[in-house]
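All residue numbers refer to positions in the sequence shown, counting from 1.
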Amino acid sequence: MQRKLIKAGNTLLVCFLFTFMWLIFGPSEIFFANVTGFDFVYGDFAGYMAVFAAAGALLLTLVIGFLPDKVHGVLVSVVFGISLAGWIQVMFLNKNLDLLGVNPEGYKAQAGRGIWNLILWIAMIAAIAVLSFWKRDIWKKLLCFSSAFLLCIQLVALVSLWVSAKEEAYRYPEGNWHLSGEEQYVVSADKNVIVLVLDFFSNQYLEPLETAYPGATDFLHDFTYYSNMDCTYFGTFPSLPHMLTGREVNMSQPVNDWCREIWENEETNAFYAALKEKDFKMNVYTPDTNILCGLNDVRILDGRLSNVANDAQEIDVYYKLLFKTMAKMSGYRMFPDLLKPYFYANIDEYADIVSVRENKIYHNNYDFYQGLLENGLRADKDSNYVIVQHLMGPHLYTTDEKGYHKEEATLEETAKGCMVIVEEYLNQLKELGVYDDATIIITADHGGGYDSQVIFYIKEPGETHEVSPVTNAPASFKEFLPTIAGAAGLEASLYGQTIYDFSQDEQRERTVWLRVFDADYPTVPCYTGDKDGSANVYYGYTYTGDIEDLLRQTEEGPSVIEPMGDSYF
């Protein structure tokens, strides 16, 4: 009886090591390292995951316990081998792993690396399984000691994470400053400047879109298409705050300091004050205010953006999705490269875990489309509107060609779905009778990592065409804010050049900046202050011409390298 109890105890220890790593330590480490990127708190999942881990270990122990001794010994060794290989994977083999699911194509293991990684896993597990036949009593003790050792060092690390975590990891913030979606489907009955920002929509996506869906953009015939639009900065941060303030990135300045400076300087204040004098509301709809503010309170946007609110927000936590997503991402981090694509969770899965009950900002393409169909646009007779609507776009391939949700959609399907949503929005503007007098821009905050030019369609009031005119004028997002100023009736030249200051075939030198990690430069902290940044420099690619010149420059390498003060990611 004593022998059976010892056997069961040893088996339980090995099995619990595996479930502890996957369902307790892994999710905890991911959470604490990225706490500012989540809308939920540790207590929402930690206790439940611990119960799942304990129940899983008990169930696995019971299943293995009924097997013959030799088979039992091999399987226990295999479970330990998987745990050990997973620990080594996390500690030494994951390189620049995207834990927050921001890559639109998911995780793709390099063929050679993936194979070698799998061979290492198989070799390690096989060697441990073979050792189970060697001096069984000694092996059992060694297995028990090794499991206890791995469990202990991770328990110590977990306690360290608990103790050192910020208060926001355990408590929802008491402050209520946020961007409100109350007027997300409201436009002006008089003057509108509307910008639909489709995240990650490179101008290089139009060709595959039109190949798969001929005529997909024909409905934009009233718009002039700028085929040579430079986004200046890769990434929603810092591109979107740059677009909204016109302030260039101070690359050596900490992110939080730069975010405060761009909203509180004299020029930005003057621009938003001038909009108010023209009776314009400025409504910006993006769910992640850290992109605009860093860790500064959203209050810094008050007085500039009109949809800043300070009221209580009731939330719902979707626990099933929370547990599923944290388990997936822990497995994604822990398991071999070739299995990671099956555990990858896109950023929209995290975003859907916590939902605001009222005045939610709809960011996912299909959510925004559903709201558009159900609620419809309505017109406000009391104010003019500048609207910046930031949608997921092709950042994630989760939209079908009709604008609805589809897991593992293609780029072409997602891009077509985005166009369907844009067309419905324009049609509703027409039904309200406000389309003709509106300035409307269809663009993206950034393109791909190297094809960093974006789509840019613009329609001025009264502009109509049978076919969309195309210009290769070398414009950039440095001209975005002055262009918006001009559309709102302000003196555009006070804020800089507009897109109209550049002409067809004009030659202009531009630089696009990409955030990267360069091993020749020191690592910098993440702006949240709780981990190292995934980038440490900006690569500047300077080119004169169009996208082909930019692509050639990216192949040659950066024209200039600027170290970061700290990293947003």
Undergrad: Below 4.5 Å, heavy atoms only, C-beta onward: do Y385 and I194 meet side chain to side chain?
TA: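 They are not in side-chain contact.
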Undergrad: Looking at every non-hydrogen atom in both residues, tell me the closest pair between C418 and G393 and how far apart they are.
TA: SG-CA, 3.6 Å
Undergrad: For K478, is the NZ atom crowded, meaning more than 12 foreign heavy atoms sit under 6.0 Å from it?
TA: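 No.
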Undergrad: Is K324 atom NZ crowded by more than 12 heavy atoms from other residues, nucleotides or ligands, each under 6.0 Å away?
TA: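 Count not over threshold, so no.
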Undergrad: To the nearest 0.5 Å, tell me how far E562 CD sits from Y538 OH.
TA: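 Rounded to the nearest 0.5 Å, the CD-OH separation comes out at 11.0 Å.
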Undergrad: Taking all heavy atoms of L244 and all of M282, pick out the closest pair and write down the distance.
TA: CD2-CE, 3.9 Å
Undergrad: Would you check if Y366 and D400 make a side-chain contact, meaning some heavy-atom pair closer than 4.5 Å?
TA: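 The answer is no; the side chains never approach within 4.5 Å.
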Undergrad: Over all heavy atoms of both residues, which pair between S202 and D451 is shortest? Give the atoms and the distance, please.
TA: OG-OD2, 3.0 Å
Undergrad: Show the nearest heavy-atom pair for residues M334 and K340, with the distance to one decimal.
TA: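 Result for this residue pair: N-NZ, 4.3 Å.
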Undergrad: Taking ring-ring contact (aromatic ring centres under 6.0 Å, His included) as the criterion, tell me which of Y568, W513, F569 meets it with F237.
TA: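 Single ring-ring contact (aromatic ring centres under 6.0 Å, His included) partner of F237 among Y568, W513, F569: Y568.
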Undergrad: Within this structure, what is the CD1-CD distance for the pair I442 and Q389, rounded to the nearest 0.5 Å?
TA: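 Nearest 0.5 Å value for the CD1-CD distance: 11.0 Å.
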Undergrad: Using modelled atom types and a 3.5 Å cut-off, is there a donor and acceptor pairing between side-chain atoms of S355 and backbone atoms of D316?
TA: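 Not at all, since once roles are kept as given, no pair shorter than 3.5 Å links the two residues.
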Undergrad: Is the backbone N or O of H390 less than 3.5 Å from a side-chain atom of H363, with the two atoms forming a donor-acceptor pair by type?
TA: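 Such a contact is found between H363 side chain and H390 backbone.
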Undergrad: State whether the side chain of W22 and the backbone N or O of A327 hold a donor-acceptor pair below 3.5 Å, judged by distance alone.
TA: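 Yes, W22 side chain to A327 backbone: donor-acceptor pair under 3.5 Å.
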Undergrad: Got a sec: does the OH of Y170 have more than 12 other heavy atoms crowding it under 6.0 Å?
TA: yes
Undergrad: Has S452 got a side-chain atom pairing as donor or acceptor with G447's backbone, closer than 3.5 angstrom?
TA: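 It does not hold such a pair.
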Undergrad: Checking Y185 against F368 for the ring pair (Phe, Tyr, Trp, His ring centres under 6.0 Å) test, could you report, in this order, the C-alpha distance in whole Å, the side-chain angles of both residues, the deciding distance, and whether it holds?
TA: CA-CA 9 Å; Y185 297 105; F368 177 78; 5.3 Å; yes
Undergrad: Kindly say whether E267 contributes a backbone atom to a donor-acceptor pair with the side chain of N265 at under 3.5 angstrom?
TA: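 Answer holds: yes.
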Undergrad: Are there more than 12 heavy atoms of other residues, nucleotides or ligands under 6.0 Å from atom CZ of F517?
TA: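 Yes, the 6.0 Å shell around CZ holds more than 12 heavy atoms from other groups.
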Undergrad: Would you say W258's side chain and G294's backbone share a donor-acceptor pair under 3.5 angstrom?
TA: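 Between the backbone of G294 and the side chain of W258 there is no qualifying donor-acceptor contact (under 3.5 Å).
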Undergrad: Check this for me: R378, atom CZ, are more than 12 non-hydrogen atoms of other residues, nucleotides or ligands nearer than 6.0 Å?
TA: no
Undergrad: Any side-chain heavy-atom pair from M21 and E29 closer than 4.5 angstrom?
TA: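 No, every pair of side-chain atoms sits at 4.5 Å or beyond.
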Undergrad: May I ask you to decide if G533's main-chain N or O and D566's side chain share a donor-acceptor pair within less than 3.5 Å?
TA: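 Not confirmed, D566 side chain does not pair with G533 backbone.
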Undergrad: Tell me the closest heavy-atom pair linking M243 and F477, and the distance in Å.
TA: SD-CE1, 3.6 Å
Undergrad: Output the distance between atom CG (L426) and atom CD1 (I421), rounded to the nearest 0.5 Å.
TA: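 Nearest 0.5 Å value for the CG-CD1 distance: 12.0 Å.
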Undergrad: Would you please indicate yes or no on a ring centroid separation below 6.0 angstrom for W87 and F25?
TA: no
Undergrad: For Y285 and E183, indicate whether the former's side chain and the latter's backbone hold a donor-acceptor pair under 3.5 Å.
TA: yes
Undergrad: Do N307 and K281 meet the criterion of a side-chain donor-acceptor pair at a distance under 3.5 Å?
TA: no
Undergrad: Which atoms form the tightest heavy-atom contact between Y369 and G403, and what is the distance?
TA: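 So the two residues come closest at CD2-O, 3.4 Å.
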Undergrad: Do E261 side-chain atoms and R247 backbone N/O form a donor-acceptor pair below 3.5 Å?
TA: no
Undergrad: Determine whether a donor-acceptor pair (N or O, by modelled atom type, separation under 3.5 Å) exists between the side chain of D257 and the backbone of P254.
TA: no
Undergrad: With a cut-off of 3.5 Å and sequence neighbours excluded, list every side-chain donor-acceptor pair involving residues 39-48.
TA:
{"unit_1": "Y42", "atom_1": "OH", "unit_2": "S28", "atom_2": "OG", "d": "2.7"}
{"unit_1": "Y42", "atom_1": "OH", "unit_2": "W162", "atom_2": "NE1", "d": "3.0"}
{"unit_1": "D44", "atom_1": "OD2", "unit_2": "V41", "atom_2": "N", "d": "3.2"}
{"unit_1": "D44", "atom_1": "OD2", "unit_2": "Y172", "atom_2": "OH", "d": "2.5"}

Undergrad: Heavy-atom count check: over 12 atoms from other residues, nucleotides or ligands less than 6.0 Å from K402 NZ?
TA: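 Count not over threshold, so no.
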